[in-house]
Protein chains: 2
Amino acid sequence: MRKAKAAETRAALLEAARRLFAERGFLNTKITDIAAAAGRSAGSFYEHFADREELLGALLAEMEDSADREVARAGHPREHDLTDRDQLREHLRIAWSVFREHRAVMVALFQSRVGAGPGDGRAWDDLTSETAVFRHHLEYLRERGHRLPGDPELVAAAMGAMLGMLGYSMLTRAEPVGDDTVVDTLTDLLLYGLAGPAGTP
Amino acid sequence: MRKAKAAETRAALLEAARRLFAERGFLNTKITDIAAAAGRSAGSFYEHFADREELLGALLAEMEDSADREVARAGHPREHDLTDRDQLREHLRIAWSVFREHRAVMVALFQSRVGAGPGDGRAWDDLTSETAVFRHHLEYLRERGHRLPGDPELVAAAMGAMLGMLGYSMLTRAEPVGDDTVVDTLTDLLLYGLAGPAGTP
DNA sequence: GTCTATATAGAGATAGAC
DNA sequence: GTCTATCTCTATATAGAC
């Protein structure tokens with residue numbers, strides 16, 4: 001079975017790439033490294049992917065599937081109330097757990113995007129499109145008369161920036177971090193800010 | 001005067017690098033590009049800098065000087081109260097204006113660090129050391145009995161992550177952004193959170 | 001499909017003349 | 001100090017045998 005063999009090679013390449021991306025990152029991982037780690041030749045790589053970016057795209061698709069499944073499990077109507085502590089926390093918890101579970105892809109994506117350079121404002125476009133969920137929830141709040149700190153798109157982007165950068169920084173450390181602690185802290189910071197809930201000393 | 005001529009070349013290289021970093025970023029700017037843009041030869045570059053990183057270090061030093069001056073102008077005792085809106089806002093305003101003024105250096109630094117890869121947890125170290133000022137102020141608050149959303153180091157890092165990533169994303173767009181609006185929004189978000197100040201509908 | 005071998009190109013870095 | 005010329009290395013990508 002040729003097909004089975006080919007699929008096996010493809011899977012091996014993806015798996016090897018995932019491991020190497022997590023270890024040394026995307027930019028420092030060469031195509032020859034991936035092929036070698038998968039026990040295949042460099043030439044064989046190109047039978048499956050046009051280049052490194054395409055392989056990253058495949059990994060990203062896997063990650064999105066898995067993230068969608070995790071979100072779907074909980075359900076996610078637009079009417080979520082992000083000023084409800086439990087609901088906000090659940091959003092942050094899921095984001096953080098996806099980061100952790102797909103650390104390699106996250107690191108690679110982060111590197112690939114930042115590495116592409118400033119030129120075209122792609123960083124902003126990516127940030128807004130990936131925080132669209134937050135934005136929708138915030139718009140919903142605003143429609144209901146709640147006063148937000150600012151424009152929903154900007155606030156959503158700020159939340160995403162915090163999550164993304166903190167995730168990259170913390171999840172590329174050697175020492176593991178207490179996920180619950182992080183999620184709790186971010187929840188309280190985003191919900192009540194530094195001042196804390198009403199009546200805090 | 002040989003010295004004067006050399007200093008001139010050095011300055012020209014720095015200036016060219018600054019321009020190119022802002023346009024296409026650090027990783028996409030080759031040493032030969034910098035030399036050419038400065039009207040010098042590639043060989044001459046090495047008379048002044050050992051490599052691209054060293055040049056970036058020189059730009060960074062300039063930026064830090066300028067930032068220190070801006071901070072010093074206002075004074076910055078440890079006893080700042082970040083739960084005071086004006087004081088928090090002033091901190092954010094200064095950070096944002098430094099980003100804007102030294103966009104090229106910021107972009108380059110960001111790229112250089114992310115590009116270095118996950119390996120050694122450098123991202124976390126950099127983030128914590130650069131948010132040390134926030135941390136100190138937060139520790140001061142905690143000592144005075146104020147209840148924070150979490151560990152001062154973590155909260156400070158989260159604030160810095162938000163600022164840094166949002167700054168990178170927004171300041172690498174083509175369309176300019178209203179700085180005051182951004183600073184106001186971040187101030188309110190960090191001070192009172194999504195829930196808003198006590199008594200908000 | 002997979003391999004080995006190789007063409008090609010880019011960029012860092014240095015040697016030596018001026 | 002600066003330039004031109006060049007060496008060297010690395011990585012992408014392809015050609016052709018099996």
Side-chain angles (χ1 to χ4, degrees), chain A residues 1-21 23-59 104 107-108 111-119, chain B residues 1-21 23-59 107-109 111-119:
Chain A
M1 273 181 147
R2 279 247 176 85
K3 264 189 184 166
K5 195 72 189 279
E8 207 175 295
T9 294
R10 190 188 146 93
L13 289 169
L14 286 171
E15 185 50 37
R18 206 195 313 272
R19 209 191 72 224
L20 293 176
F21 289 171
E23 280 170 17
R24 5 168 156 159
F26 178 73
L27 299 176
N28 299 325
T29 301
K30 309 306 169 192
I31 287 179
T32 48
D33 298 335
I34 299 173
R40 303 300 200 290
S41 76
S44 186
F45 177 96
Y46 291 94
E47 195 64 32
H48 298 274
F49 305 100
D51 52 26
R52 223 175 22 160
E53 286 286 346
E54 195 174 295
L55 182 147
L56 178 55
L59 287 178
V107 168
Q111 277 200 314
S112 158
R113 287 175 178 183
V114 172
Chain B
M1 270 181 150
R2 279 242 176 87
K3 263 190 185 164
K5 196 72 190 277
E8 208 174 295
T9 294
R10 190 187 146 93
L13 289 169
L14 286 171
E15 187 49 38
R18 207 194 314 271
R19 209 191 72 224
L20 293 176
F21 289 170
E23 279 170 18
R24 5 170 155 158
F26 178 73
L27 299 176
N28 300 326
T29 300
K30 308 308 169 191
I31 287 179
T32 48
D33 299 334
I34 299 173
R40 301 302 200 292
S41 76
S44 187
F45 177 97
Y46 290 95
E47 195 64 32
H48 298 275
F49 306 100
D51 51 27
R52 224 176 20 162
E53 287 287 346
E54 194 174 295
L55 182 148
L56 177 55
L59 286 177
V107 168
L109 210 59
Q111 278 201 313
S112 158
R113 287 175 178 183
V114 172

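We use all heavy atoms of the structure for the numbers below, so side chains are in, but hydrogens, waters and symmetry mates are not. Each chain gets a letter, A, B and so on, in the order its sequence line appears, and its residues count up from 1.
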How many Å lie between [atom1] on [X] and [atom2] on [N], as a whole number?
X       : N      : atom1 : atom2 : result
B/Glu47 : D/dG1  : CD    : C1'   : 6 Å
A/Phe45 : C/dC3  : CZ    : P     : 13 Å
B/Glu54 : C/dA13 : CD    : P     : 11 Å
B/Phe49 : D/dG1  : CZ    : P     : 12 Å
B/His48 : C/dA13 : NE2   : C1'   : 16 Å

- Residues in side-chain contact (heavy atoms from CB on, under 4.5 Å) with B/Asp33, at least two apart? B/Leu20, B/Arg24, B/Thr29, B/Lys30
- Task: Applying side-chain contact (heavy atoms from CB on, under 4.5 Å), name anything that partners A/Ala42, two or more places apart in sequence or on another chain.
- Result: A/Thr32
- Query: With sequence neighbours left out, which residue pairs that include part of residues 31-59 of chain B fulfil the ring-ring contact (aromatic ring centres under 6.0 Å, His included) condition?
  - Reply: B/Phe45-B/Phe49
Closest heavy-atom contact between [X] and [Y]?
X        : Y        : answer
A/Ile34  : A/Arg52  : CD1-CG, 4.5 Å
A/Leu27  : B/Gly115 : CD1-CA, 3.8 Å
B/Val107 : A/Pro118 : CG1-CG, 4.0 Å

- Item | A/Ser41 side-chain N/O to C/dT2 phosphate OP1/OP2 under 4.0 Å | no
Please tabulate, one pair per line, each protein N/O and nucleotide N/O from nucleotides 8-16 of chain D that are separated by under 3.5 Å, including the distance.
unit_1	atom_1	unit_2	atom_2	d
D/dT12	OP2	A/Ile31	N	3.3
D/dA13	OP2	A/Tyr46	OH	3.3

- How would you list, by chain and number, every residue that makes a salt bridge (charged side-chain N to carboxylate O under 4.0 Å, His left out) with A/Glu53, sequence neighbours excluded? none
- Message: Starting the side chain at C-beta, find the nucleotide from D/dC3, D/dG1, C/dT2 nearest to B/Arg40.
- Response: D/dC3
- Testing D/dC3, D/dG1, C/dC3 for proximity to the side chain of B/Ala6, the answer is D/dG1
- How large an angle, rounded to 10°, do the end axes of the helix from C/dG1-D/dC18 to C/dC18-D/dG1 enclose when each is built from five base pairs? 10°
- Query: Which pairs, with at least one residue in residues 35-47 of chain B and sequence neighbours excluded, count as a salt bridge (charged side-chain N to carboxylate O under 4.0 Å, His left out)?
  - Reply: none
- Taking only residues two or more places apart in sequence, or in another chain, which ones meet A/Ser44 in a side-chain hydrogen bond (donor to acceptor under 3.5 Å, both in side chains)? none
- Item | pair B/Val114-A/Phe26: side-chain heavy atoms closer than 4.5 Å | no
Can you give the donor-acceptor pairs under 3.5 Å from side chains of residues 11-19 of chain A to other protein atoms, not counting sequence neighbours?
unit_1	atom_1	unit_2	atom_2	d
A/Glu15	OE1	A/Arg18	NE	3.4
A/Arg18	NH1	A/Glu62	OE1	3.2
A/Arg18	NH2	A/Glu62	OE1	3.2

- Query: Heavy atom of residues 11-21 of chain B under 4.0 Å from DNA chain D: which residues?
  - Reply: none
